[in-house]
Amino acid sequence: MSSPSRRDPDQDAEVIVVGAGPAGSTAATYLARAGIDVLLLEKTTFPRDKVCGDGLTPRGVKQLIDLGIDISPEAGWARSRGLRILTGDLTLELDWPELSSYPPYGLARTRHDFDDLLARTAQKAGARLYEQTAVTGAITDERTGRVIGVRAKTGPEKTPVSYRAPLVLACDGVSARLALSVGIDKHDKRPMGVAVRRYYKSPRHDDPFIEGHLELWDRSDPRDPKLLPGYGWAFPLGDGTVNVGLGILSTSKAFRSTDYRALLRSWLDGTPEEWGYREENAVGKIGGAGLPMGFNRTPHYRDGLLLLGDAGGMVSPFNGEGIQSAMESAQLAAECVVQALARPEGPSRERALEAYPLALKEEMGGYYRLGNLFAKAIGNPKVMRAATKYGLRINSLLPLVYKGLSGCYDARGGDGVDRLIAAASRVTPSA
Ligand SMILES: Cc1cc2nc3c(=O)[nH]c(=O)nc-3n(C[C@H](O)[C@H](O)[C@H](O)COP(=O)(O)OP(=O)(O)OC[C@H]3O[C@@H](n4cnc5c(N)ncnc54)[C@H](O)[C@@H]3O)c2cc1C
């Protein structure tokens with residue numbers, strides 16, 4: 001159980017968690033519940049906005065259930081029964097699948113509320129949250145190179161401080177400042193994405209389906225319009241607004257030259273007027289950020305530093321979801337750290353920590369390798385066109401496409417489709 005005596009007098013915590021997004025707050029919660037003395041450092045102050053689509057598929061919902069969070073509509077969650085896919089003249093409404101691993105519904109909630117709720121959950125569990133504390137880099141042991149703490153600037157005066165702990169979790173999102181400070185760079189061959197979004201007041205705010213629009217056209221050369229590898233979404237929030245946005249993969253030629261904000265506007269101008277996605281109904285500005293995908297930053301464990309969530313490039317190359325994988329990585333990391341801290345420093349503890357990247361590989365590695373190939377393939381506009389035109393019109397393929405793209409399948413057991421996705425994930429070679 002928790003005991004300050006377990007912490008060395010020259011250390012500030014048993015574990016330092018950097019960043020209180022979904023990865024950091026989830027990890028801090030599990031660690032604190034296991035009796036670990038956790039310091040959770042966050043550069044902003046809650047509640048705060050975070051650019052995101054605010055949507056969770058059933059796989060993400062499972063993470064909230066595991067944490068014991070009240071996910072009832074009364075507690076402020078918008079619930080979805082499935083996904084509506086729109087492409088050309090085709091509209092499909094697909095309920096979330098019945099599975100043993102995940103519930104048959106999705107959720108949405110603004111990150112303004114969601115991240116605040118998760119951070120408070122970590123605090124309630126016993127983690128010490130220091131807000132307005134921006135970590136600037138790792139402190140390493142000169143002799144061994146091991147990460148033994150972090151430097152930060154804290155408070156309105158940005159006062160330099162340092163904190164020490166035997167283990168540090170990098171949960172600082174796509175900027176990955178902590179990993180970079182110890183030379184863990186991203187792999188440029190893995191896909192990246194860019195996504196932009198805006199809130200609109202809309203009568204569709206309580207639509208029971210979340211929506212995916214598969215046709216995003218780059219018309220920069222009017223003689224040669226190209227179908228972009230990505231999709232537009234509309235995630236109803238049940239509070240009078242809808243989160244509407246789009247995400248594009250780096251695998252297309254248009255990736256660097258596209259003006260994403262202009263693309264969002266031109267796509268929405270083409271949607272029916274009564275949906276309300278027009279300037280006069282917009283709430284706030286268009287926000288955008290990068291999506292680090294398919295394990296584009298590894299190793300996920302080295303010398304006392306674990307990478308979680310976006311910091312470890314864990315956004316799904318299939319659908320751009322990153323909350324659920326951030327929380328899954330947190331659950332796995334916490335399990336390994338709890339075991340590690342129960343062992344003496346040295347090889348035995350290292351063995352427990354090495355289990356973290358292995359567990360990640362087992363949970364997501366094969367599926368992401370498959371996703372990286374998928375991202376590469378649809379970067380070719382002809383393949384993307386064929387996929388949207390024919391892939392969704394073959395009824396027998398639908399469950400495969402739906403479960404595969406959403407990541408909602410039973411990795412163990414399940415039906416034939418689940419087994420096929422699980423097998424394909426296992427046999428896909430490294431990209
Ligand atoms: C437009 C857009 C739409 C998206 N839509 C969805 C979606 O609908 N569903 C989905 O699942 N995913 C979506 N994603 C991806 C998702 O937002 C991320 O994958 C997810 O937030 C990753 O969680 P994280 O905890 O790893 O990182 P983050 O959520 O980025 O959290 C990192 C935290 O660390 C803090 N931090 C950063 N640097 C420091 C520092 N130096 N010191 C201290 N603290 C620091 C930040 O303030 C932040 O609180 C979307 C992304 C974008 C850009």
Side-chain angles (χ1 to χ4, degrees), residues 16-28 39-57 59-61 63 80 106-112 114-116 118-119 129-138 150-154 163 168-181 192-199 210 212 230-235 237 243-248 260-261 264 286-293 297 307-316 318-330 333 406-407:
I16 293 172
V17 178
V18 177
S25 290
T26 304
L39 196 53
L40 176 57
L41 307 177
E42 167 57 45
K43 72 175 178 187
T44 64
T45 307
F46 293 107
R48 54 104 180 96
D49 204 8
K50 153 85 176 86
V51 176
C52 187
D54 306 330
L56 288 171
T57 61
R59 194 163 168 164
V61 178
Q63 286 298 319
S80 63
L107 291 173
R109 184 173 197 149
T110 64
R111 293 289 296 271
H112 179 271
F114 182 82
D115 287 23
D116 184 46
L118 286 186
L129 170 67
Y130 292 4
E131 293 169 78
Q132 231 184 347
T133 302
V135 168
T136 51
V150 296
R151 278 179 241 291
K153 291 189 173 161
T154 191
Y163 302 103
V168 176
L169 272 50
C171 307
D172 48 351
V174 63
S175 67
R177 187 159 187 171
L178 199 51
L180 282 171
S181 78
M192 272 291 290
V194 167
V196 292
R197 70 93 173 95
R198 199 176 198 185
Y199 296 104
I210 62 168
Y231 69 96
W233 70 77
F235 294 165
L237 290 164
N243 180 321
V244 190
L246 59 87
I248 305 285
Y260 296 97
R261 286 170 169 78
L264 181 66
I286 300 178
L291 301 170
M293 296 179 158
R297 195 180 300 278
L307 311 190
L308 285 73
D310 276 13
M314 296 186 199
V315 171
S316 165
F318 281 113
N319 61 15
E321 248 197 313
I323 300 172
Q324 142 260 315
S325 45
M327 295 177 78
E328 275 180 30
S329 69
S406 68

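Remember, it's 1-based here, ligands and their atoms both numbered in the order they're listed.
- For atom 25 (O) of ligand 1, the closest non-hydrogen atom on the protein side is A23 N, 2.9 Å.
- Distance check, rounded to the nearest 0.5 Å: CG of L308 to CG of D172 gives 10.0 Å.
- Heavy-atom proximity to V315, at under 4.0 Å, picks out these atoms of ligand 1: 19 (O).
- In this structure, the protein non-hydrogen atom closest to atom 28 (P) of ligand 1 is K50 CE, 4.0 Å.
- Among all non-hydrogen protein atoms, the one lying nearest atom 41 (N) of ligand 1 is V135 O, 2.9 Å.
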Test salt bridge (Lys or Arg N to Asp or Glu O under 4.0 Å) applied to R59 and E321, step by step: CA-CA 10 Å; R59 194 163 168 164; E321 248 197 313; over 6 Å; no
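- Backbone and side-chain nitrogen or oxygen atoms of G53 are examined, and one is located within less than 3.5 angstrom of a nitrogen or oxygen of ligand 1.
- To the nearest 0.5 Å, atoms CZ (R197) and CD1 (I286) are separated by 10.0 Å.
- The single protein non-hydrogen atom nearest to atom 37 (C) of ligand 1 is D172 O, 3.2 Å, given as residue, atom name and distance.
- To the nearest 0.5 Å, atom CE of residue M327 and atom OG1 of residue T26 are 3.5 Å apart.
- In this structure, the side chain of S329 engages the main chain of G309 through a donor-acceptor pair within 3.5 Å.
- The N/O atoms of Q324, backbone and side chain alike, include none that comes under 3.5 Å of an N/O atom in ligand 1.
- Residue-ligand proximity, F235 to ligand 1, at heavy-atom distances under 4.0 Å covers atoms 8 (O).
- Nearest to atom 10 (C) of ligand 1 among the protein's heavy atoms is G322 N, 3.4 Å.
- Proximity of I323 to ligand 1, defined as any heavy-atom pair under 4.0 Å, is shared by backbone and side chain alike.
- In summary, the atoms of ligand 1 found under 4.0 Å from a heavy atom of T44, numbered by their order in the structure, are 47 (O).
- Of the options G173, G21, A311, the smallest heavy-atom separation from atom 27 (O) of ligand 1 is shown by G173.
- The distance from ligand 1 to the heavy atoms of G320 drops below 4.0 Å at these ligand atoms: 12 (N), 13 (C), 14 (N), 15 (C).
- A donor-acceptor contact shorter than 3.5 Å is absent between the side chain of N243 and the backbone of Y199.
- Within the 4.5 Å cutoff, the side chain of Y130 has heavy atoms near those of the L39 side chain.
- Y231 places none of its side-chain heavy atoms less than 4.5 Å from the side chain of I248.
- The residue from D310, T45, V18, V194 that puts a heavy atom closest to atom 26 (O) of ligand 1 is D310.
- At a threshold of 4.0 Å, the pair R48-D115 counts as salt-bridged, since one of the basic side-chain nitrogens sits closer than that to a carboxylate oxygen.
- Distances from atom 47 (O) of ligand 1 to the heavy atoms of M293, E42, Q132 put E42 nearest.
- At a 4.0 Å heavy-atom cut-off, ligand 1 touches A326 through the side chain alone.
- The shell of residues lying under 4.0 angstrom from ligand 1, judged by heavy atoms, excludes G288.
- Interface of R48 with ligand 1, defined as ligand atoms under 4.0 Å from a residue heavy atom, comprises 48 (C), 49 (O).
- Between the side chains of Q324 and T57, not a single donor N or O lies within less than 3.5 Å of an accepting N or O.
- Looking at atom 13 (C) of ligand 1, its nearest protein heavy atom turns out to be C52 SG, 3.5 Å.
- Annotation: the span from S25 atom OG to F46 atom CZ amounts to 5.5 Å, rounded to 0.5 Å.
- Residues V17 and L41 form no side-chain contact, since every pair of their non-hydrogen atoms from C-beta on lies 4.5 Å or further apart.
- For atom 45 (C) of ligand 1, the nearest protein heavy atom (residue, atom name, distance) is K43 CG, 3.7 Å.
- Checked against a 3.5 angstrom limit, the closest N/O atoms of V196 and ligand 1 fall outside it.
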Could you check R109 against L56 for side-chain contact (heavy atoms from CB on, under 4.5 Å), going step by step and ending with a plain yes or no? CA-CA 9 Å; R109 184 173 197 149; L56 288 171; over 6 Å; no
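- Listed by number with element, the atoms of ligand 1 under 4.0 Å from a non-hydrogen atom of V51 are 1 (C), 52 (C), 53 (C).
- Contact annotation for R111 and ligand 1: only side-chain heavy atoms (C-beta onward) come within less than 4.0 Å of the ligand.
- Looking only at heavy atoms of the protein, atom 9 (N) of ligand 1 is closest to G55 O, 2.8 Å.
- Distance check, rounded to the nearest 0.5 Å: CZ of R297 to CE of M314 gives 11.0 Å.
- For the pair C171 and ligand 1, a heavy-atom separation below 4.0 Å is found.
- In L291, the part holding a heavy atom less than 4.0 Å from any atom of ligand 1 is the side chain.
- For CZ of R151, the number of neighbouring non-hydrogen atoms (other residues, nucleotides, ligands) closer than 6.0 Å is 12 at most.
- Look at T133 and you'll find a heavy atom under 4.0 Å from some atom of ligand 1.
- Across T136, V168, I16, L169, a single residue satisfies side-chain contact (heavy atoms from CB on, under 4.5 Å) together with L178, and that is V168.
- Heavy atoms of A134 approach ligand 1 to within less than 4.0 angstrom.
- The closest donor-acceptor contact from the side chain of E42 to the backbone of A20 lies under 3.5 Å.
- In the vicinity of G309, heavy-atom distances shorter than 4.0 Å reach the ligand 1 atoms 26 (O).
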